[in-house]
Amino acid sequence: MAMDFHHVTLGQRVLFGAGRAAENVAGEVSRLGATRVMVVASPAEETVAQQVCRDIDVAVFHDGVAPHVPVERAEVARKAAAEHAIDLIVSVGGGSTTGLAKAVALTSGIPIVAVPTTYAGSEATNVWGLTEASRKTTGVDTAVLPVSVVYDAQLTLSLPAELSVASGLNALAHCVDSMWAPRADPINRALGAEGIRALTEGLPAIQADPSNLEGREQALYGAYLSAVAFASAGSGLHHKICHVLGGAYDLPHAQTHATVLPYVLAFNAPAAPDAERRMAAAFGADTAVAGLNALRAELNAPRALKDYGFDESSIDEAVALVLPVVPPSNPRSVSAGDLRDLLRSAHAGDNFPS
Ligand code: NAD
């Protein structure tokens with residue numbers, strides 16, 4: 001098949017090494033010539049943040065992290081950055097923490113050095129998200145792409161297995177959705193496929209033994225690839241559904257992705273045979289759906305949206321919210337009835353694709 005595409009690679013330094021976060025953060029602060037550093041971390045992440053920032057001068061620690069970045073929290077963080085004349089943000093934590101740092105960068109242009117402690121992948125994208133009045137808004141801006149990412153698998157050892165699995169499946173969703181997202185191309189599909197392979201290797205190792213550092217490294221590497229693929233390919237059907245559910249019904253991000261993914265994969269796979277074959281190979285399975293099912297069974301993955309606070313009475317409203325944002329690039333056309341069936345199944349955790 002002829003190759004004809006435009007691909008944009010985002011510019012970012014990636015420093016990867018177990019046990020090397022403090023050293024690598026200090027190196028980046030010095031390289032960037034920063035003198036007024038704000039560290040963003042939630043109270044739960046503060047011990048890790050102190051450890052990671054032990055070799056740098058910190059002007060202020062900011063802990064106002066909340067899921068999906070409420071605009072009020074963003075305003076408070078922006079004010080703190082201005083009051084302390086901040087010239088660099090170091091974010092240490094999961095996607096919610098990176099998200100708050102991005103909200104500050106969006107309006108101030110202050111650069112970010114991101115130190116992720118989950119597999120959400122926000123650190124490798126130029127996508128920001130804010131939630132106001134139960135509606136999540138996302139956008140793309142170069143200002144929010146962290147200038148550097150410091151990956152240290154040791155920092156993820158404390159992430160409980162259940163959260164690691166949900167977060168890792170969120171990363172897997174980035175890989176799968178990249179196969180048919182609006183700007184899918186051979187490069188981001190290759191990154192997505194390698195991400196599926198790495199996550200399929202890393203996540204079961206973590207589930208079996210949360211202290212398995214090699215499994216943690218594979219998962220972190222896979223999470224990075226998944227995010228690069230996602231940033232490049234854009235939001236596909238899966239992400240559009242999950243963004244609506246997360247913003248409108250306050251559902252936990254990673255678990256929502258983990259629950260919805262098999263239904264979207266089963267819906268799209270028959271209409272995307274090349275992507276399907278590629279994903280199957282990456283999973284090491286006969287079909288992509290079989291590969292994802294086997295992985296989910298091994299991981300005891302989240303199964304039903306009703307377990308995470310999504311009420312059946314909200315399905316029709318959710319359908320109405322998702323339908324207008326279905327990407328035209330989706331390999332199959334999507335009707336309100338299709339979405340209703342998909343959300344009904346994901347709500348109940350039944351009609352599992354095979
Ligand atoms: P999260 O950041 O909310 O973290 C989940 C929980 O894990 C929190 O309680 C946190 O304190 C805890 N935690 C984090 N690291 C830990 C560690 N190492 N040990 C123990 N506990 C730890 O959740 P998340 O899944 O990382 O991120 C979800 C958010 O990220 C959502 O808002 C989502 O929209 C956003 N996101 C954005 C992008 C993007 O490109 N902008 C990409 C992916 C996710």
Side-chain angles (χ1 to χ4, degrees), residues 10 12 21 40-49 51-52 63-70 73-74 91-103 105-106 112 114-131 136-141 143-146 149 151-175 177-178 181 195 206 210-211 216 219-220 223-235 238-248 250-258 302 308:
L10 299 175
Q12 181 177 62
V40 177
S42 72
E45 296 153 349
E46 200 183 324
T47 314
V48 176
Q51 180 194 327
V52 165
D63 69 1
V65 175
H68 302 301
V69 197
R73 299 292 185 109
S91 65
V92 185
S96 300
T97 304
T98 315
L100 184 61
K102 285 178 163 184
L106 180 66
I112 303 171
V115 187
T117 62
T118 70
Y119 309 120
S122 176
E123 68 280 358
T125 83
N126 54 359
V127 179
W128 55 265
L130 285 166
T131 302
K136 185 162 183 173
T137 311
T138 59
V140 172
D141 197 308
V144 307
L145 178 74
V149 186
Y151 285 109
D152 179 344
Q154 281 188 3
L155 306 181
T156 63
L157 290 173
S158 55
L159 192 65
E162 199 183 326
L163 215 51
S164 301
V165 162
S167 182
L169 289 171
N170 177 201
L172 194 78
H174 289 138
C175 299
D177 224 21
S178 295
I206 295 168
S211 69
R216 294 283 186 183
L220 211 47
Y224 165 72
L225 292 174
S226 80
V228 176
F230 168 62
S232 166
S235 276
H238 173 83
H239 279 80
K240 294 296 183 187
I241 293 173
C242 292
H243 279 167
V244 164
L245 294 176
D250 204 21
L251 306 188
H253 178 83
Q255 290 85 347
T256 304
H257 277 266
Y308 298 100

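Values in this document were obtained by computation on a predicted structure and should not be read as measured data. FYI, the numbering just counts along the sequence from 1. Indexing begins at 1, ligand by ligand and atom by atom, following the structure's order.
Side-chain contact, S211 with R216: no donor N or O sits under 3.5 Å from an acceptor N or O. Using modelled atom types, one finds a donor on one side chain and an acceptor on the other under 3.5 Å when comparing E123 with Y151. H253 and H68 are not linked by any side-chain donor-acceptor pair at a separation below 3.5 angstrom, with hydrogens and angles left out of the test. The closest side-chain donor-acceptor pair between T125 and K102 falls under 3.5 angstrom.
Classified by interplanar angle (parallel below 30°, tilted 30° to 60°, perpendicular above 60°), the ring pair H243/H257 is perpendicular.
Scanning L159, V92, V65, T156 for the heavy atom closest to atom 16 (C) of ligand 1 points to L159. In the candidate list A66, P67, S158, S122, S158 is nearest to atom 20 (C) of ligand 1, counting heavy atoms. In the candidate list S96, C242, P252, S96 is nearest to atom 2 (O) of ligand 1, counting heavy atoms. Scanning T138, L145, L130, L163 for the heavy atom closest to atom 12 (C) of ligand 1 points to L163.
Here the heavy atom of the protein found nearest to atom 43 (C) of ligand 1 is A120 O, 3.1 Å. At the shortest separation from atom 10 (C) of ligand 1 among protein heavy atoms lies E45 OE2, 3.5 Å. Among protein heavy atoms, the minimum distance from atom 41 (N) of ligand 1 is reached at V127 O, 2.9 Å. Regarding atom 34 (O) of ligand 1, its nearest protein heavy-atom neighbour is K136 NZ, 2.6 Å. The nearest protein atom to atom 44 (C) of ligand 1, hydrogens excluded, is given as H253 NE2, 3.5 Å; this is a heavy-atom distance.
Side chain of Q255 to backbone of Y308: no donor-acceptor contact under 3.5 angstrom is found. Under the 3.5 Å distance criterion, the side-chain polar atoms of S167 are left unmatched by any main-chain donor or acceptor of S164. Remark: side-chain polar atoms of T156 are not paired, donor with acceptor, to backbone N or O of D152 under 3.5 angstrom. At distances below 3.5 Å, at least one donor-acceptor pair connects side-chain atoms of D177 with backbone N or O atoms of H238. The backbone N or O of A254 sits nowhere less than 3.5 Å from a side-chain atom of N170 that would complete a donor-acceptor pair.
For ligand 1, none of its N or O atoms has an N or O atom of W128 under 3.5 Å away. Checked against a 3.5 angstrom limit, the closest N/O atoms of P160 and ligand 1 fall outside it. At a 3.5 angstrom cut-off on N or O pairs, T97 does not count as close to ligand 1.
The two residues V228 and A124 make their nearest non-hydrogen contact at CG2-CB, 4.1 Å. Across all their heavy atoms, V69 and A103 have their closest contact at CG1-CB, 4.0 Å. Nearest heavy atoms, A21 versus V52: CB-CG2, 4.1 Å. Counting all heavy atoms, side chain and backbone alike, A101 lies closest to S91 at CB-CB, 3.8 Å.
Listed by atom number, the atoms of ligand 1 under 4.0 Å from S42 heavy atoms are 11 (O). Near L155, meaning under 4.0 Å from one of its heavy atoms, ligand 1 places the atoms 18 (N). The ligand atoms of ligand 1 that sit less than 4.0 angstrom from a heavy atom of A44 are 11 (O). In the vicinity of T117, heavy-atom distances shorter than 4.0 Å reach the ligand 1 atoms 14 (C), 15 (N), 16 (C), 17 (C), 18 (N). Ligand 1 places these atoms under 4.0 Å from at least one heavy atom of G95: 2 (O), 24 (P), 26 (O), 27 (O), 29 (C), 30 (O). Every atom of ligand 1 is numbered from 1 in the order shown, and the set under 4.0 Å from a heavy atom of T125 is 39 (C), 40 (O), 41 (N).
At a heavy-atom distance under 4.0 Å, atoms from both the backbone and the side chain of H68 approach ligand 1.
Under a 4.0 angstrom heavy-atom cut-off, G93 registers as lying outside contact with ligand 1. Under a 4.0 angstrom heavy-atom cut-off, K102 registers as being in contact with ligand 1.
Shown here, atom 8 (C) of ligand 1 is out of close reach of the protein: none of its heavy atoms lies under 4.0 Å off. Proximity of atom 27 (O) of ligand 1 to the protein is indicated by at least one non-hydrogen atom lying closer than 4.0 angstrom.
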